[in-house]
Amino acid sequence: MAIVGPSGSGKTTLLGLLAGLDSPSTGKVELLGQDIAVLDEDGRARFRAENIGFVFQAFQLIPTLTALENVLVPLELAGALKRSTASEIRARATDLLDQVGLGDRTHHYPSQLSGGEQQRVALARAFAGEPRLLFADEPTGNLDADTGAIIIELMMKLNEAAGTTLILVTHDLDLAHRMGRTVRLAHGSISSDTRAATEATN
């Protein structure tokens, strides 16, 4: 699903509410049968770690960790070490970096990577915990057009392989049209909610 609308219309605010990063002043936010608005901060953090992946415009990599270590973070937060051996978790993180074309950059720090490479690391990190939901906030906003197009294709490929529900905030209407559903915001409210023609007939 794509969330579109002019600047200031509430796209990032809506994404933050959906992801449990912010709490609504009224109403509720239900994800996977759970009203996350009633959870305390620890409960929301646990829910996110177990179910949600994120890709941000500004990459949000930890600068003191290598590419591989950044990808390992969500696995450790989700308690993966309790279910898998350290070598299995490391192998998964390494495999994801291979999938995004960074197999030879695993020990590089964010400052040693280009913007496109940093966003590739962010993609690998987002999918590391096998999230059921992936939230992406303008994932190509800090990239040039060619690099952004590569990142989008990688994200779509990983998303299809993982079977993850993707919710994407974007200004790119061509990208929005590739989504199964587009929600348009205006002045903090939903002004339209449309589904792709192929999905609407199913």
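All values below come from the heavy atoms of this structure, side chains included, with hydrogens, waters and symmetry mates left out. In this chain, residues are counted from 1 in sequence order. All figures in this text were calculated on a predicted structure; none of them were measured in a lab.
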message = I'd like to know if the side chain of R181 and the backbone of D193 have a donor-acceptor N/O pair within less than 3.5 Å.
response = no
request  = Tell me whether L168 is reachable from V100 by hopping between hydrophobic residues (I, L, V, M, F, W, Y) whose side-chain heavy atoms are closer than 4.5 Å.
outcome  = yes
key: Heavy-atom donor-acceptor pair, Q119 side chain to F56 backbone, under 3.5 Å   = yes
inquiry  = Grouping I, L, V, M, F, W and Y whenever their side-chain heavy atoms are under 4.5 Å apart, do I150 and L113 come out in a common cluster?
reply    = yes
inquiry  = Are L154 and F135 linked, directly or through intermediate hydrophobic residues, by side-chain heavy-atom contacts shorter than 4.5 Å (ILVMFWY only)?
reply    = no
query = Can you hop from L133 to V169 via hydrophobic side chains spaced under 4.5 Å?
reply = yes
query = Would you say K11's side chain and L185's backbone share a donor-acceptor pair under 3.5 angstrom?
reply = no
ask   = Distance from L96 atom CG to F127 atom CZ, nearest 0.5 Å?
value = 9.0 Å
Report all side-chain donor-acceptor pairs from residues 61-71 shorter than 3.5 Å, counting only partners two or more places apart or in another chain.
residue : atom : partner : partner atom : Å
T66     : OG1  : E69     : N            : 3.1
T66     : OG1  : E69     : OE1          : 3.4
E69     : OE1  : T66     : N            : 2.8
N70     : OD1  : I62     : N            : 2.8
N70     : ND2  : I62     : O            : 3.2
N70     : ND2  : L65     : O            : 3.1
N70     : ND2  : T66     : O            : 3.1

request  = Output yes when a side-chain donor or acceptor of R105 lies under 3.5 Å from a complementary backbone atom of Q112, and no otherwise.
outcome  = yes
note = CG (D22) and CG (L15) are apart, to the nearest 0.5 Å, by 9.5 Å
ask   = So, E41 and R44, do they make that salt bridge, N to O below 4.0 Å?
value = yes
request  = Report yes or no: does N159 contribute a side-chain atom to a donor-acceptor pair with the main-chain N or O of M155 at less than 3.5 Å?
outcome  = no
task = Answer yes or no: is there a donor N or O on one side and an acceptor on the other, between the side chain of N142 and the main chain of Q57, under 3.5 Å?
result = yes
inquiry  = Grouping I, L, V, M, F, W and Y whenever their side-chain heavy atoms are under 4.5 Å apart, do V73 and Y109 come out in a common cluster?
reply    = no
inquiry  = Using modelled atom types and a 3.5 Å cut-off, is there a donor and acceptor pairing between side-chain atoms of T147 and backbone atoms of D144?
reply    = no
inquiry  = Would you compute the distance between atom CG of L175 and atom CD of E138 and round it to the nearest 0.5 angstrom?
reply    = 9.0 Å
ask   = Do S191 side-chain atoms and R184 backbone N/O form a donor-acceptor pair below 3.5 Å?
value = yes
query = Looking at NE2 of H171 and OG1 of T140, how far apart are the two atoms once the value is rounded to the nearest 0.5 Å?
reply = 11.0 Å
